[in-house]
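If you scroll down you'll find the structure; I have some questions about it.
Just so you know, residue 1 is the first one in the sequence shown, and it goes up from there.
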Amino acid sequence: MAAILKTAILLMSFGFACVAGLDFSKTGYDPKDLESEGTLKALYDSWATKHGRLHESPGAKETRYSIFKDNLEYIHEHNKKARDYVLGLNQFADLTHDEFKSQYAGTKLNRRREERRPFTYADVTLVPDSIDWRSLGAVSEVKNQGSCGGCWAFSTTGAIEGINQIVTGELVSLSEQELIDCDTESEQGCNGGIMDDAFDYVADNGGLHNESAYPYQEVQGTCMRDSLDGPVVTIHSAADVTRKNELNLQKAVANQPVSVAIEAGGKPFQFYSGGVFTGDCGTELDHGVLAVGYGTDAGTDYWIVKNSWGPEWGESGFIRLERNIDAKEGKCGITLGASYPVKTGPNPSPRPPSPPAPRPDDSGVCCHDQQHCCPYDKPICDLDTNRCLASTRDRFGVAMLEQTPATWRSVKPYQKQFSTDSTLDEKESRSYA
């Protein structure tokens, strides 16, 4: 009886709600979907089909439907009062809040950090009123970390992708999997990490490979770095943004995308769909993201933040966080752990392929007449028949080959090139170490 009463009250609140001016194309539902239990179940079935939710049993489906309905109630109640931002049905709509936090915002990034490296933009005096590095070509496609807690790796690659495009003019999508597999001295793979330390790893190890060479697997595996060709993108060092200072963060973001840490485990974050996020959030940093710009909307200043929960979340994978608030920590603690890579020159040239190792049998056998040769598998020269035999019992063999004078024309240029590039590589490895 209690469950029936709750459903009736829920349907009444849905049915008589009037949300003036709300764009329901951003919420994933329409108020008409909420008019009866039948339309609610149809909405859930449509949502489940879209997101590939296959259930092992009717009981499991009923459980997820119940969670979905509770979440929809929360979303719709917020949207009835929405002013600055709206919530919507996304891929997290059948997860409890605890499930969401443990799977997608469980990384602890609030290790106390003092600025280890000088803030390089301290002397900047003029910054634009707004900037969006997406429109300037320095932001790659939105990626999806899945259930692996590797947000720190996505934040790191995003910042390096940005500065690489600014310096070289080329946007290259880089490998998060390489960081998760290989940067294990201070990071914990899918269990969390720190962007500051990841920048140090990339600088100390000569760069990162691209996404296609080392694709994302959503689990931590064995480091494959040494089996690949040389990295394609390098950085030289990293810098920290002065903590608790939004102006300094603005100076940094005006010059390049910046890695930031925020508290993203709140329920509004789970269902954020659009607008400037002005809701409640704390400063217990649990998620690494990327600040890619800032601006102002209807008098409210905001940061443009790239997330790693896929393009279906938020504004095509991004969120606008309120900027210039009273708290020095910034909205959701955005000023507490900001850092960025430093790149002062081009990426190293690809190394030439190693010369093929000569096979011991390539030279074959030279015959005593100094005019003919035989292959290694038929080494006996029969000068009477001009045949090469495998043994004295070989009745057929193969025809002898005439010797030709050796030439080094095709070898000398390659040897010269290889020698020159080896010298350059040694210099580069010293300067980038």
Task: Lys331 (side chain) donor-acceptor with Gly279 (main chain) under 3.5 angstrom - done: yes
Task: Note, Leu336 side chain near Leu285 side chain (heavy atom, < 4.5 Å) - done: yes
Task: Spacing of Ile262 atom CD1 and Cys281 atom SG [to the nearest 0.5 Å] - done: 7.5 Å
TODO: Could you check if a side-chain atom of Ile166 sits within less than 4.5 angstrom of a side-chain atom of Trp133, using non-hydrogen atoms only?
DONE: yes
Task: Leu174 and its side-chain contact (heavy atoms from CB on, under 4.5 Å) partner, picked from Val202, Leu179, Val232, Asn164 - done: Val232
Task: Considering all heavy atoms, the nearest Gln220-Gly189 contact - done: OE1-CA, 3.6 Å
Open item on the list: Assess the residue pair Ile235 and Phe199 against the criterion (side chain to side chain contact (heavy atoms under 4.5 Å, CB included)); give the C-alpha distance rounded to whole Å, side-chain angles, the decisive distance to 0.1 Å, and a yes or no.
Closed with: CA-CA 8 Å; Ile235 60 173; Phe199 290 139; 4.3 Å; yes
Task: Val258 versus Ala338, closest heavy-atom pair with distance - done: CG1-CB, 4.0 Å
Open item on the list: Less than 4.5 Å apart, side chain to side chain, heavy atoms only: is that true for Leu43 and Leu72?
Closed with: yes
Open item on the list: Assess, by modelled atom type and distance only, whether the side chains of Gln91 and His51 contain a donor and an acceptor separated by less than 3.5 Å.
Closed with: no
Open item on the list: Taking Thr234's backbone N and O only, do any of them form a donor-acceptor pair with Asn347's side chain (distance below 3.5 Å, no angle check)?
Closed with: yes
Task: Pair Glu246 + Lys251, salt bridge at N-O below 4.0 Å - done: no
Task: Over all atoms of both residues, closest heavy-atom pair of Phe100 and Gly266 - done: CE2-O, 4.3 Å
TODO: Quick one: sort the Phe68 and Tyr44 rings into parallel, tilted or perpendicular, breaks at 30° and 60°.
DONE: perpendicular
- [ ] Taking Ser66 for its side chain and Glu62 for its backbone only, find out whether a donor-acceptor pair lies under 3.5 Å.
- [x] no
Task: Pairing of Lys80 and Glu77 as salt bridge, 4.0 angstrom limit - done: yes
TODO: In plain terms, say whether Lys143 and Glu161 are close enough for a salt bridge, that is, a side-chain N and a carboxylate O under 4.0 Å apart.
DONE: yes
Open item on the list: Between Thr39 and Ser36, is there a side-chain donor-acceptor contact under 3.5 Å, judged purely by atom types and distance?
Closed with: yes
Open item on the list: Any donor-acceptor pair under 3.5 Å linking the side-chain atoms of Ser140 with those of Lys306?
Closed with: yes
Task: Donor-acceptor contact present, side-chain Glu178 to main-chain Met224, <3.5 Å - done: no
TODO: Hey, could you give me the OH/CG distance between Tyr29 and Leu89, rounded to the nearest 0.5 Å?
DONE: 7.5 Å
- [ ] In sequence, state the C-alpha distance, the side-chain angles, and the governing distance for Tyr74 and Leu87, and then conclude on side chain to side chain contact (heavy atoms under 4.5 Å, CB included).
- [x] CA-CA 9 Å; Tyr74 171 81; Leu87 306 182; 3.6 Å; yes
- [ ] Output the distance between atom OG1 (Thr335) and atom NZ (Lys244), rounded to the nearest 0.5 Å.
- [x] 8.0 Å
Task: Sole residue of Phe277, Phe271, Tyr85 in ring-ring contact (aromatic ring centres under 6.0 Å, His included) with His78 - done: Tyr85
Task: Between Trp309 and His287, ring centroids under 6.0 Å - done: yes
Open item on the list: Could you measure the distance from the CG atom of Asp197 to the CG atom of Asp204? Nearest 0.5 Å is fine.
Closed with: 10.5 Å
Task: Geometric cation-pi criterion, Arg320 with Tyr294: 6.0 Å, 45° - done: no
Task: N/O donor-acceptor pair under 3.5 Å between Asp297 side chain and Val276 backbone - done: no
- [ ] Could you tell me whether the side chain of Asp286 and the main chain of Ala264 form a donor-acceptor pair under 3.5 Å?
- [x] yes
Open item on the list: I need the minimum non-hydrogen distance between Ala138 and Pro257, along with the two atoms involved.
Closed with: O-CG, 4.2 Å
Task: Side chain Thr63, main chain Gly59, donor-acceptor under 3.5 Å - done: yes
Open item on the list: Any donor-acceptor pair under 3.5 Å linking the side-chain atoms of Thr96 with those of Asp98?
Closed with: no
TODO: With the side chain counted from C-beta on, respond yes when Tyr340 and Phe119 share a heavy-atom pair under 4.5 Å apart, and no when they do not.
DONE: yes
Open item on the list: Whether the Thr157 and Glu176 side chains hold a donor-acceptor pair (N or O, under 3.5 Å, no angle test) is what I'd like checked.
Closed with: yes
Open item on the list: Please report the interatomic distance CG(Asp84) to OG1(Thr278), rounded to the nearest 0.5 Å.
Closed with: 4.0 Å
Open item on the list: Keeping Ser259 on the side-chain end and Asp196 on the backbone end, is there a donor-acceptor pair under 3.5 Å?
Closed with: no
TODO: May I ask you to check if Arg323 and Tyr302 form a cation-pi contact, with NZ or CZ under 6.0 angstrom from the six-membered ring centre and within 45° of the axis?
DONE: no
Task: Phe154 ring center within less than 6.0 Å of Tyr216 ring center - done: yes
TODO: Decide yes or no for Asp33 and Leu40: does some side-chain heavy atom of the first lie under 4.5 Å from some side-chain heavy atom of the second?
DONE: no
Task: Side-chain H-bond candidate by donor/acceptor type, Glu322 with Thr300, under 3.5 Å - done: no
Open item on the list: Less than 4.0 angstrom from a charged side-chain N to a carboxylate O is my criterion; do Arg134 and Asp132 meet it?
Closed with: yes
Task: Asp94 and Asn71: side chain donor to acceptor below 3.5 Å - done: no
TODO: Scan side-chain atoms only and decide if Gln250 and Trp303 contain a donor-acceptor pair under the 3.5 Å cut-off.
DONE: no
- [ ] Answer yes or no: is there a side-chain heavy-atom contact under 4.5 Å between Val260 and Leu290?
- [x] no
Open item on the list: Give me the atom names and distance for the closest heavy-atom approach of Asp301 to Asn324.
Closed with: OD2-ND2, 2.9 Å
Task: From CD (Gln145) to OG (Ser155), nearest 0.5 Å - done: 11.0 Å
Open item on the list: For the NZ atom on Lys61, are there more than 12 heavy atoms of other groups (residues, nucleotides or ligands in this structure) within a distance under 6.0 Å?
Closed with: no
Open item on the list: Just by distance, no angles: are the side chains of Asp240 and Ser339 close enough, under 3.5 Å, to form a donor-acceptor pair?
Closed with: no
TODO: Spell out, as yes or no, whether a donor-acceptor pair under 3.5 Å connects the side chain of Ser57 to the backbone of Ala60.
DONE: yes
Open item on the list: Does Leu321 form a side chain to side chain contact (heavy atoms under 4.5 Å, CB included) with Cys332? I'd like the steps, not just the answer.
Closed with: CA-CA 8 Å; Leu321 286 181; Cys332 306; 4.3 Å; yes
TODO: Measure from the side-chain N and O atoms of Glu187 to the backbone N and O of Ile180, and report whether any donor-acceptor pair falls under 3.5 Å.
DONE: no
- [ ] Decide salt bridge (charged side-chain N to carboxylate O under 4.0 Å, His left out) for Glu263 and Lys101; before the verdict, give the C-alpha distance in whole Å, the side-chain angles of both, and the deciding distance to 0.1 Å.
- [x] CA-CA 11 Å; Glu263 180 181 307; Lys101 288 179 62 176; over 6 Å; no
Task: Heavy-atom side-chain contact between Cys182 and Tyr214 under 4.5 Å - done: yes
Task: Flag side-chain contact, heavy atom, 4.5 Å: Leu95 against Tyr104 - done: yes
Task: Identified side-chain contact (heavy atoms from CB on, under 4.5 Å) partner of Phe318 from the options Val289, Val292, Val305 - done: Val292
TODO: Taking all heavy atoms of Gly295 and all of Ser130, pick out the closest pair and write down the distance.
DONE: CA-CB, 3.8 Å
